[in-house]
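The structure appears right after this line, and notes come after that.
Being a predicted model, the structure only gives us computed values, none of them experimental.
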Amino acid sequence: PSFMFSSYYYLFKSQIFIQMAKPGKVLSDGKKMSGELFSLTYGALVADMIKDFDDINQVNTQLDKMGFNMGTRLADDFLSKRTNVSRCTDCKQMADTLAKEVIPMYLGVSASISNWSSGDKEFSLILDNNPLMELVEVPQSMSSLNYSQLLAGAIRGGLEAVHIKVFSSVNENPSNTEIRIRFDCILKDALPAGDED
């Protein structure tokens with residue numbers, strides 16, 4: 001059945017205000033509903049973490065750790081569903097796989113690739129529609145909160161699960177979310193026997 005549903009979070013130090021049933025958005029799609037439910041649940045989690053930790057940097061660190069743990073599990077899920085994906089041999093192939101397959105599969109949005117470094121070892125994934133930020137407004141007083149750091153952690157964890165070490169961070173702009181990814185190395189000690197090539 002169709003019904004109207006929308007919510008906005010306003011995060012203030014330790015309080016979260018939810019405005020529900022904003023007119024104008026009719027949903028009958030189960031995927032959209034589960035996306036909004038995830039966004040609401042994630043917002044409540046971040047609000048609780050803000051209450052639990054005095055320092056916003058600790059919240060950012062915890063979000064990154066949670067994302068990393070999710071990413072290591074999602075890598076197995078991705079590889080089991082996309083058996084035709086070959087091992088990434090360079091950063092351009094890694095960026096293409098993340099932007100064209102991973103992000104759409106798990107977030108339901110598209111991503112573009114930009115801001116390559118001169119050595120092609122660092123790039124940005126740009127999300128014009130970040131589902132985590134869709135229902136959220138972070139106040140200026142919390143500008144140091146990297147609300148979507150979970151995504152950067154998940155990418156880092158997923159790539160480490162397939163033996164690629166990267167550094168990742170997130171920057172939320174008014175018009176988009178930028179996930180900056182920098183290649184570090186191939187984790188040769190973790191490669192299965194015979195995969196050293």
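- The side-chain contact (heavy atoms from CB on, under 4.5 Å) search around D52 returns none, not counting sequence neighbours.
- Annotation: side-chain contact (heavy atoms from CB on, under 4.5 Å) contacts of N60 (sequence neighbours excluded): I56, N57, L145, N146.
- In this structure, the side chains of I181 and I155 come closer than 4.5 Å at one or more pairs of heavy atoms.
- The CD atom of Q62 lies 12.0 Å from the CG atom of L150; values are rounded to the nearest 0.5 Å.
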- Message: Does E172 form a side-chain contact (heavy atoms from CB on, under 4.5 Å) with V138? I'd like the steps, not just the answer.
- Response: CA-CA 10 Å; E172 284 129 0; V138 179; 5.8 Å; no
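- Of all heavy-atom pairs spanning S114 and R180, the tightest one is O-NH1, 4.1 Å.
- K121 NZ to C91 SG: the interatomic distance, rounded to the nearest 0.5 Å, is 5.0 Å.
- Applying the side chain to side chain donor-acceptor pair (under 3.5 Å) test to residues at least two apart or on different chains, the pairs with a partner in residues 104-113 are D77-Y106.
- Residues I113 and L125 have side chains in contact (heavy-atom distance under 4.5 Å, counting atoms from C-beta outward).
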- Message: Assess the residue pair F68 and E160 against the criterion (side-chain contact (heavy atoms from CB on, under 4.5 Å)); give the C-alpha distance rounded to whole Å, side-chain angles, the decisive distance to 0.1 Å, and a yes or no.
- Response: CA-CA 9 Å; F68 181 88; E160 196 158 312; 3.8 Å; yes
- Starting from the C-alpha separation in whole Å, work towards a yes-or-no answer on side-chain contact (heavy atoms from CB on, under 4.5 Å) for I126 and T177. CA-CA 6 Å; I126 307 295; T177 299; over 6 Å; no
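- A continuous path of ILVMFWY side-chain contacts below 4.5 Å connects L159 to L107, so both sit in one hydrophobic cluster.
- Contact detail for M133 and S148: the closest heavy-atom pair is CG-OG, 3.7 Å.
- Nearest heavy atom pair, residue P104 against residue A99, reads CD-O, 3.3 Å.
- A side-chain donor-acceptor contact under 3.5 Å links N130 to the backbone of L132.
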- Task: Check the pair F78, V162 against side-chain contact (heavy atoms from CB on, under 4.5 Å), reporting the backbone distance first and the verdict last.
- Result: CA-CA 11 Å; F78 177 77; V162 294; over 6 Å; no
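- With hydrogens and angles disregarded, no donor-acceptor distance shorter than 3.5 Å links the side chain of R156 to the backbone of G67.
- Inter-residue side-chain proximity for N173 and E178 is flagged as met; some heavy-atom pair is nearer than 4.5 Å.
- For residues 101-112, the pairs satisfying salt bridge (Lys or Arg N to Asp or Glu O under 4.0 Å) are R82-E101, with sequence neighbours left out.
- Partners of F123 according to the ring-ring contact (aromatic ring centres under 6.0 Å, His included) rule, which considers only residues two or more places apart in sequence or in another chain, are W116.
- Summarising the geometry of G158 relative to A75, their closest heavy-atom pair is O-CB, 3.6 Å, with the distance given to 0.1 Å.
- Here the CG atom belonging to L74 is positioned 11.0 Å from the CG atom belonging to N69, to the nearest 0.5 angstrom.
- Among residues at least two apart or in separate chains, there is no salt bridge (Lys or Arg N to Asp or Glu O under 4.0 Å) pair with a member in residues 107-116.
- Within a 6.0 Å sphere centred on CG of D54, heavy atoms belonging to other residues, nucleotides or ligands number 12 at most.
- L127 has its side chain within reach of L151: a pair of non-hydrogen atoms, C-beta onward, lies under 4.5 Å apart.
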